[in-house]
Amino acid sequence: MRRVDELREQTVWKSDPHTQVKHLVYRHYLQCWMGKILQTFPEATIVDAFAGPGVYTDGPPGSPIVVAKTFLEHTAYRRFNKLNLVCLEERTDRVEELRRQFAKLSPSPQLNISVQAPGVFAEQQPRLSTLAHRGRAETPVLWLIDPFDLKSAPFSLIRRCLAGPRDEVLFTLFTNELHRFCQRENFDKTMTPYFGGTHWQSAVPERRGRREAFATAYQQGLKDQELFTGGFGIKVSNQSARYHLVLATHSEAGLKCWAPVTWKLDHYSGQGASAETAGALSLFDEASVVDRLDVALRAYAGTAQRWETLSSQAARLNHMDKHLRQVLDKLAAQGLAFRVDPVRARTAWPEGCTVRFYAPEDVADEAS
Ligand SMILES: C[S@@+](CC[C@H](N)C(=O)[O-])C[C@H]1O[C@@H](n2cnc3c(N)ncnc32)[C@H](O)[C@@H]1O
């Protein structure tokens, strides 16, 4: 089944490396946001406005579960005040699946989860805003806005999510679609509401880096509204960004959590990985020996493996753990291996970690 049909027809669909990178951005950002906000304010809210079913067919959790687990597994959890997690999803089948996924988590008195009845975000936003602020405009609210298309989240809607003084938005900006379709006839009727103005036109003449130019134009629109903003291209290996995550916040302090996220994720996104990879490869004098481990690890595509399994596999092929780490580095640079656990670690592949593997077809840039 084509991916676009899978997304439309199935309740739950398969994850891809881009989703993993997006969730890593969420997890790193939330680690920092929660650490600061939930020890400062008596309560705060995260609204996952395009929540999805909470799980992917191949096992990884969806964004609402990622948020809940980041909270429950945070090192400062015991010192946290209350977090409200409000989820909206338009499809009934996905709402039901999401409720099933939440039911598997241990309840916590500090985490108030509310899965809303199926609804369309643009219609529900005013009600969700009231719910999220709990009667106080200054309650911090982080809105996760992750739709499938451009039309579901025009700039006017994003602006409404930023009405409160401590509202923040983490938004999926479809830079690849913008790049591909910007010169199509009548597409300006979609672009202008999406950007909240015609400033997107400045990116169109860009020959190289047009996706980035659209992200910059969008962020300029936020800056023009006196907002602070950060952006991060979601790509794997050395491919072009498929989409950008854009943070919009009222406070410069909000950006203090953002910059470290982008640096930490360089490795996973492949942006900074090419030099490392080149260095890693030079360690291997006998390419064929390395290839055996490379082939063995690639055969794990579609599964998650614990370090112990990988290490014993490497040993059976007469490799040491340091070789395993180098091959994992190489696969990660191509978007084929992701450390999914733990989120934070001093090294890329610590003992005890869990690694999820993908096939090259999962990485293929179907768009360009
Ligand atoms: C990109 S997926 C969300 C993935 C999820 N955030 C994650 O990272 O695991 C978008 C979801 O939004 C839902 N959706 C689409 N349009 C919507 C709308 N206008 N309001 C609310 N949900 C919508 C879709 O059914 C789909 O499940």
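Here the structure is a predicted model, which is why all the values come from computation and not from measurement. Every number for a ligand or one of its atoms is a count from 1 in the order of the listing.
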Provide the number and element of each atom of ligand 1 under 4.0 Å from a heavy atom of P147.
-> 1 (C)
Atom 5 (C) of ligand 1 [closest protein heavy-atom partner, distance rounded to 0.1 Å] | S63 OG, 3.2 Å
among protein heavy atoms, the one nearest atom 22 (N) of ligand 1 is E90 N, 3.2 Å
So, are E6 and K14 salt-bridged, with charged N and O less than 4.0 Å apart?
-> no
Contact (N/O only, under 3.5 Å) between Y26 and ligand 1 = no
How far is atom 20 (N) of ligand 1 from its nearest protein heavy atom, and which residue and atom is that?
-> F121 N, 3.0 Å
What residue and atom, counting heavy atoms only, is the protein's closest point to atom 8 (O) of ligand 1, and at what distance?
-> H23 NE2, 2.8 Å
To which protein heavy atom is atom 21 (C) of ligand 1 closest, and what is the distance rounded to 0.1 Å?
-> G119 O, 3.4 Å
How close does the nearest protein non-hydrogen atom get to atom 18 (C) of ligand 1, and which residue and atom is it?
-> F50 CE2, 3.4 Å
Write out the residue and atom name of the closest protein heavy atom to atom 4 (C) of ligand 1, then the distance separating them to 0.1 Å.
-> D146 OD2, 3.4 Å
Between D341 and R27, is the closest basic N to carboxylate O distance under 4.0 Å?
-> yes
Please could you name the atoms of ligand 1 that V120 approaches to less than 4.0 Å, counting only its heavy atoms?
-> 19 (N), 20 (N)
Tell me, please, which residues at least two apart from D5 pass side chain to side chain contact (heavy atoms under 4.5 Å, CB included).
-> M1, R2, R8, E9
Taking everything shown except K69 itself, do over 12 heavy atoms lie less than 6.0 Å from its NZ?
-> no
Note: R298-D294 ion pair, threshold 4.0 Å (strictly below) | yes
How many angstroms lie between atom CZ of F50 and atom OG1 of T172, to the nearest 0.5 angstrom?
-> 9.5 Å
Purely on distance, is any nitrogen or oxygen of Y56 under 3.5 Å from one on ligand 1?
-> yes
Could you list which atoms of ligand 1 come closer than 4.0 Å to a heavy atom of A49?
-> 21 (C)
Exactly one of Y243, W13, F121 clears ring pair (Phe, Tyr, Trp, His ring centres under 6.0 Å) with F148, and that residue is W13
For atom 27 (O) of ligand 1, closest protein heavy-atom neighbour = E89 OE1, 2.7 Å
Any K22 heavy atom less than 4.0 Å to ligand 1 = yes
Pair K151 + D149, salt bridge at N-O below 4.0 Å = no
Ligand 1 versus P64: contacting region, heavy-atom distance under 4.0 Å = neither
For ligand 1, does W13 get within less than 4.0 Å through its side chain, its backbone, both, or neither, judged by non-hydrogen atoms?
-> side chain
Would you call the rings of F71 and Y77 parallel, tilted or perpendicular, where under 30° means parallel and over 60° means perpendicular?
-> perpendicular
Does any N/O atom on R94 come nearer than 3.5 Å to any N/O atom on ligand 1?
-> yes
Within 4.0 Å of some non-hydrogen atom of G62, the atoms of ligand 1 are 9 (O)
Between R100 and E97, does at least one N-O distance fall below 4.0 Å, as a salt bridge requires?
-> yes
State the atoms of ligand 1, each with its element, that fall below the 4.0 Å cut-off from a heavy-atom position in G52.
-> 27 (O)
Counting distance only, does the side-chain N/O of Y194 pair as donor-acceptor with the main-chain N or O of F174 below 3.5 Å?
-> yes
Give a yes or no on whether the backbone of E226 and the side-chain of H250 come within a donor-acceptor separation of less than 3.5 Å.
-> no
